[in-house]
Each structure stands twice: as structure tokens, then as C-alpha cells.
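Here is the structure we will look at, set down as C-alpha cells.
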Amino acid sequence: IDNKKESTTWNIYPNPSNGAVFTTIEMVNTTATISITDLSGKIVSAKNVSTFNTNEKINVLEGNENLKAGFYLVIIESGNSRQNIRLQIL
């Protein structure tokens with residue numbers, strides 16, 4: 001029995017950004033939580049997303065396109081996978 005955990009590497013683009021920021025979910029029928037925090041740890045946004053197709057493009061900033069310029073942390077969690085990605089808004 002192979003007990004390897006399936007790992008997903010997430011990317012966000014463009015980064016830095018002055019508008020929309022996207023990620024692509026490569027697996028079908030995946031549910032993920034995308035949270036955005038400022039550098040003090042305050043949650044700016046949190047949402048659950050589900051995909052039904054491979055390589056589905058998700059707008060990370062949907063509903064938060066007017067974030068102030070600065071650095072943020074995007075946290076993407078799906079299953080046993082969690083990734084923190086630093087985001088710069090221009």
C-alpha cells in the first residue's frame with residue numbers, strides 16, 4: 001500500500017498585481033479554502049471554492065479587488081495540503 005499524501009503546489013499570478021489575482025486548480029472535484037491576511041495576521045478575506053474541471057482558473061481577489069497597496073499572505077488549503085504565498089498589491 002502506498003501511503004504517500006497527494007501534494008498540490010499552488011501559484012498565484014500575476015504577482016505583484018494591481019488588480020485581479022488568479023490561481024489554477026489542477027484537479028477535478030476539488031474544494032479549497034482561500035484566505036487572505038495582512039501581515040499582522042488579520043483576515044481580510046476568506047472563501048471556499050470548488051472546481052468541476054481540470055485547470056480551473058479561480059479569481060483569488062474576487063470581491064476584494066480594492067485592497068490597499070502592500071503585502072498580504074494568501075493561504076490556500078485543500079485536503080492535507082496548505083500553502084502560504086506572499087502577495088504584493090501595487
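Residue numbers count from 1 along this sequence.
- Atom-to-atom distance recorded for Ile34:CD1 and Asn59:CG is 9.0 Å, nearest 0.5 angstrom.
- To the nearest 0.5 angstrom, Leu87 atom CG is 5.0 Å from Asn15 atom CG.
- For the pair Arg86 and Phe71, the cation-pi criterion (under 6.0 Å, within 45° of the ring axis) is fulfilled.
- A 4.5 Å side-chain heavy-atom check between Ile75 and Arg82 finds at least one atom pair inside the cut-off.
- Closest non-hydrogen pair, Ala69 versus Leu90, comes out as CB-C, 3.8 Å.
- Inter-residue side-chain proximity for Ile36 and Val60 is flagged as met; some heavy-atom pair is nearer than 4.5 Å.
- Nearest heavy atoms, Thr31 versus Ser78: O-OG, 3.0 Å.
- Under the 3.5 Å distance criterion, the side-chain polar atoms of Thr37 are left unmatched by any main-chain donor or acceptor of Lys42.
- Annotation: side chain of Thr33 is not in contact with side chain of Val49 (no heavy-atom distance under 4.5 Å).
- Atoms CD and CG, from Gln83 and Leu73 in turn, are 10.5 Å apart once rounded to the nearest 0.5 Å.
- Atom-to-atom distance recorded for Ser17:OG and Phe22:CZ is 8.5 Å, nearest 0.5 angstrom.
- There is a side-chain donor-acceptor pair under 3.5 Å between Asp38 and Ser40.
- Atom CD in Gln88 sits 12.5 Å away from atom CG in Leu67 (nearest 0.5 Å).
- A donor atom on one side chain and an acceptor atom on the other are found under 3.5 Å apart for Tyr13 and Thr24.
- Counting heavy atoms from C-beta outward, Asn84 and Val74 have side chains that stay 4.5 Å or more apart.
- Partner of Thr23 under the side-chain contact (heavy atoms from CB on, under 4.5 Å) criterion, out of Ile76, Asn11, Ile85: Ile76 alone.
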